[in-house]
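Order of the sequence lines fixes the chain letters, A, B, ..., with proteins taken first and strands second; residue numbering starts at 1 for each chain.
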There are 2 protein chains.
Amino acid sequence: MAVNRPQHSREDVVRAAGRLFAEHGFHGTSMRDLGDELGLLGSSLYSHIDGKNELLVEVIRRGGSMFQDLADDVLATDADPAEQLHLLIRGHVQIIVDHLDEARTFLNEARFLPPKERAVVLEMRDSYEQTYRRIIEQGVGTGVFNAERDPALMAILILSLLNALDRWYRPGGPNDPDEISQRMFEFVTNGIG
Amino acid sequence: MAVNRPQHSREDVVRAAGRLFAEHGFHGTSMRDLGDELGLLGSSLYSHIDGKNELLVEVIRRGGSMFQDLADDVLATDADPAEQLHLLIRGHVQIIVDHLDEARTFLNEARFLPPKERAVVLEMRDSYEQTYRRIIEQGVGTGVFNAERDPALMAILILSLLNALDRWYRPGGPNDPDEISQRMFEFVTNGIG
DNA sequence: CCTACCGATCGGTAGG
DNA sequence: CCTACCGATCGGTAGG
């Protein structure tokens with residue numbers, strides 16, 4: 001009897017894992033759940049991957065690298081600080097909207113990563129936050145921002161706004177991504193006062 | 001042989017559950033973990049409670065009712081909209097700081113509630129969000145706020161800011177709660193521009 | 001609150 | 001990718 005032919009790629013498995021981890025959480029998703037999602041047995045997944053933890057690492061790595069790439073891209077422009085902040089906000093919203101599963105898993109499930117990989121994610125987040133902080137500081141320097149009291153806290157608050165999007169954004173909802181980023185940028189620069 | 005004497009109250013069990021659910025998530029916490037936390041066996045917990053789900057419901061109910069009470073208290077004042085918003089922000093920050101475990105469980109684990117209880121939480125959140133929206137609308141009416149384009153979205157953005165606090169607040173950290181709420185209020189009203 | 005369990009489910013493996 | 005498992009752990013119960 002020949003071994004059955006694979007019907008799915010490793011890529012399919014990672015994507016399905018992202019979907020389930022985002023919706024039910026890492027500990028709320030069993031390998032059998034994941035198998036069901038793809039129409040095969042839980043045990044069959046091990047021909048594509050080494051273990052459940054590897055899937056979490058892979059999904060979160062994908063999520064994290066998108067934000068990292070965005071920060072690199074924005075820093076590579078010679079736009080002024082206000083424009084760079086606008087680009088960061090627009091890009092961040094776009095990532096969450098376009099890659100909701102990976103973003104949600106990155107934002108909500110990273111604490112369940114093995115210690116070493118978890119440390120890597122914490123460094124990535126810190127570096128990403130520093131990008132915001134430096135741009136704010138530059139904007140304070142040129143007078144376009146008025147946050148000299150605490151740019152580090154302002155960076156946290158802006159990221160709080162952005163990262164909460166994965167909790168209320170619904171595809172096809174009343175607000176499209178461009179409108180959301182525009183309103184967020186206006187809120188960040190002017191508040192509601 | 002007499003039955004052993006209880007060393008813990010139901011209250012102890014619920015509080016310990018809040019601690020573990022907040023840190024490891026509902027599905028990342030076993031009844032044996034919870035027993036360990038209290039120095040007894042997992043099976044012994046069932047003399048205090050009916051099941052694991054009941055603990056989740058109870059912890060989240062406590063979290064949610066604090067925010068509900070805050071909204072009621074603030075609406076009962078005859079302060080102007082800006083002052084009411086300030087009170088909401090200060091109260092919300094205080095709740096998260098003072099009851100971090102219940103707040104984190106309420107904010108992050110409610111999706112694992114049984115359907116009926118989950119629906120109750122969604123209603124509570126919606127009602128709480130409406131409180132923010134109405135106060136913003138009133139402030140727009142009196143001219144103190146400038147958000148006539150979308151008060152509903154502004155309410156979401158303000159709550160995004162507030163609810164993210166449970167992710168970065170560390171007891172005894174560099175920012176005390178009063179300072180955090182003050183900076184948040186300034187950010188909400190003026191932004192960083 | 002413990003002893004002594006229960007059936008179900010977990011992540012994962014050997015072999016084809 | 002399936003068959004046929006494995007030991008460990010899960011939420012929970014009966015009885016004292």
Establish, for the pair R125(A) and F67(A), whether the NZ or CZ atom is under 6.0 angstrom from the six-membered ring centre and no further than 45 degrees off its axis.
-> no
First encountered from the 5' end of DNA chain C, between R32(B) and P6(B) | P6(B)
Test salt bridge (charged side-chain N to carboxylate O under 4.0 Å, His left out) applied to E117(B) and R61(B), step by step = CA-CA 9 Å; E117(B) 285 84 358; R61(B) 203 194 50 73; over 6 Å; no
Check the pair W168(A) / L153(B) against side-chain contact (heavy atoms from CB on, under 4.5 Å), numbers first and verdict last.
-> CA-CA 11 Å; W168(A) 61 270; L153(B) 182 59; 3.6 Å; yes
Please give, in whole Å, the distance from dC2(D) C1' to M31(A) CE?
-> 16 Å
When rounded to whole Å, the CG to P distance for the pair L20(A) and dG11(C) reads 12 Å
Nearest to the side chain of Q7(B) - dC1(C), dC5(C), dC10(C)?
-> dC1(C)
So which of residues 51-62 of chain A are in contact with DNA chain D, with a heavy-atom cut-off of under 4.0 Å?
-> none
For H27(B) and dG11(C), what is the distance between atoms NE2 and P respectively, to the nearest whole Å?
-> 12 Å
So, with a heavy-atom separation below 4.0 Å from DNA chain C, the residues of residues 33-48 of chain A are S43(A), Y46(A)
Any chance the side chains of N108(A) and D166(A) put a donor and an acceptor closer than 3.5 Å?
-> yes
Could you walk me through whether E54(B) and R10(B) pass salt bridge (charged side-chain N to carboxylate O under 4.0 Å, His left out), step by step?
-> CA-CA 12 Å; E54(B) 183 194 326; R10(B) 187 190 138 92; 2.6 Å; yes
Would you call E23(B) and R19(B) a salt bridge, taking side-chain N to carboxylate O under 4.0 Å as the test?
-> no
Look at the side-chain heavy atoms of Ile, Leu, Val, Met, Phe, Trp and Tyr, link any pair under 4.5 Å apart, and say whether Y169(B) and L159(B) land in one connected group.
-> yes
Please state how far atom CD1 in I49(B) lies from atom C1' in dG11(D), giving the value in whole angstrom units.
-> 10 Å
Whole angstrom is fine here: how far is it from CZ in F21(B) over to C1' in dG11(D)?
-> 12 Å
Can you tell me which stems involve DNA chain C, if a stem is defined as three or more consecutive Watson-Crick or G-U wobble pairs, both distances under 3.5 Å?
-> C:1-16 with D:1-16
Between L157(A), I156(A), L162(A), which is the residue that forms a side-chain contact (heavy atoms from CB on, under 4.5 Å) with Y132(A)?
-> L162(A)
Is I192(B) reachable from V144(A) through a run of I, L, V, M, F, W or Y residues, each pair having side-chain heavy atoms under 4.5 Å apart?
-> yes
Quick one: sort the H86(B) and F185(B) rings into parallel, tilted or perpendicular, breaks at 30° and 60°.
-> parallel
What about the rings of H92(B) and Y128(B), do their centers lie closer together than 6.0 Å?
-> yes
